[in-house]
Amino acid sequence: MTERTFSIIKPDATKRNLTGKINAVIEDAGLRIVAQRRIKMTEAQAKKFYEVHAERPFYGELVETMTSAPVVVQVLEGDNAMARYREVMGATNPEQAAEGTIRKLFALNVGENSVHGSDSTDNAKLEIAQFFKDEDIVG
Ligand code: CMP
């Protein structure tokens, strides 16, 4: 079933000029980038986006990292896009990520793991809506 998911290319990756290389992995995996914008996330945006992790010990560090440099927010479309992108990203901790995944190829550590992808289709809708208007997504 064709669906959409939300992706962020994180500061550690934009700082190392890896946007194009990561997009190539995404496209080679059969996902289409149907919306994309480079932004500097504000503290308010990052806090809201990661609200679910507010009680975790790494929350402050996470917000700081995500606002430290530009990110690229994206909408990806394809068959089972949410699950497919999670496969393509690899495990959250790059030490556990499978060969060929974005995190195995590019991530530095669990906090600087190069990409974010929605963890459910319901969250994908909420995350997309935080950054994109319907008319900005061209499938
Ligand atoms: P992401 O998919 O963006 O969702 C939450 C993020 O929190 C996760 O990727 C990691 O970058 C970060 N994270 C998860 N666990 C830790 C941790 N133990 N220490 C620092 N950051 C973490």
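No hydrogens, no waters, no symmetry mates; every other heavy atom, side chains included, goes into these values. As the structure lists them, so they are numbered: ligands from 1, and atoms in each ligand from 1.
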Query raised in the report: Considering all heavy atoms of both residues, which atom of F132 and which atom of V73 are nearest to each other, and what is their separation?
Result: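 Looking at all heavy atoms of both residues, the closest pair is CZ-O, 3.4 Å.
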Query raised in the report: If you look at every heavy atom in D119 and M82, which pair is closest and at what distance?
Result: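 The pair with the smallest heavy-atom distance is C-SD, 3.8 Å.
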Show which atoms of ligand 1 fall inside a sub-4.0 Å distance from at least one heavy-atom site of [X].
| X | value |
| --- | --- |
| G111 | 11 (O), 21 (N) |
| Y50 | 1 (P), 3 (O), 4 (O), 5 (C) |
| H53 | 5 (C) |
| R103 | 2 (O) |

Query raised in the report: Would one find an N or O of N113, backbone or side chain, under 3.5 Å from an N or O of ligand 1?
Result: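 Looking only at distances, the answer is yes, because the N/O contact criterion of under 3.5 Å is met.
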Report task. Please work out whether any backbone atom (N, CA, C, O) or any side-chain heavy atom from C-beta onward of M89 is under 4.0 Å from ligand 1, and answer side chain, backbone, both or neither. Result ->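 Neither part.
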Query raised in the report: Under a 4.0 Å heavy-atom limit, does R56 contact ligand 1 with its side chain, its backbone, both, or neither?
Result: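 The answer is neither; R56 stays 4.0 Å or more away.
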Query raised in the report: Can you check whether P70's main-chain N or O pairs, donor with acceptor, with T14's side chain at less than 3.5 Å?
Result: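 Yes.
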**Report entry** ring pair (Phe, Tyr, Trp, His ring centres under 6.0 Å) between F6 and F49, worked out
**Finding:** CA-CA 12 Å; F6 180 72; F49 186 76; 5.7 Å; yes
For [atom], which protein heavy atom lies nearest, and how many Å away is it?
| atom | answer |
| --- | --- |
| atom 13 (N) of ligand 1 | F58 CE1, 3.6 Å |
| atom 11 (O) of ligand 1 | V110 O, 2.7 Å |
| atom 6 (C) of ligand 1 | L62 CD1, 3.8 Å |
| atom 2 (O) of ligand 1 | H116 ND1, 3.2 Å |

Query raised in the report: Atom CD1 in I128, atom OG in S7: separation rounded to 0.5 Å?
Result: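 Atom-to-atom, I128:CD1 and S7:OG are 10.5 Å apart.
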Query - Any K10 heavy atom less than 4.0 Å from ligand 1 - result: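 Yes, that is the case, since the closest heavy atom of the residue is under 4.0 Å from the ligand.
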Query - contact_flag R86 ligand 1 heavy-atom lt 4.0 Å - result: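 R86 does not count as a contact of ligand 1 under the 4.0 Å cut-off.
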Query raised in the report: Would you find more than 12 non-hydrogen atoms of other residues, nucleotides or ligands less than 6.0 Å from Q130 atom CD?
Result: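 More than 12 heavy atoms, drawn from other residues, nucleotides or ligands, come within 6.0 Å of this atom.
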Query - More than 12 heavy atoms from other groups under 6.0 Å of CG on N17 - result: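 No - once you tally the heavy atoms of other residues, nucleotides and ligands closer than 6.0 Å, there are 12 at most.
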Report task. Only pairs at least two apart or in different chains count here, so list each side-chain hydrogen bond (donor to acceptor under 3.5 Å, both in side chains) that has a residue in residues 55-70. Result ->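 Of all non-adjacent pairs touching residues 55-70, none passes side-chain hydrogen bond (donor to acceptor under 3.5 Å, both in side chains).
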**Report entry** Pair N123-S118, side-chain hydrogen bond (donor to acceptor under 3.5 Å, both in side chains): steps then yes or no
**Finding:** CA-CA 6 Å; N123 279 342; S118 307; over 6 Å; no
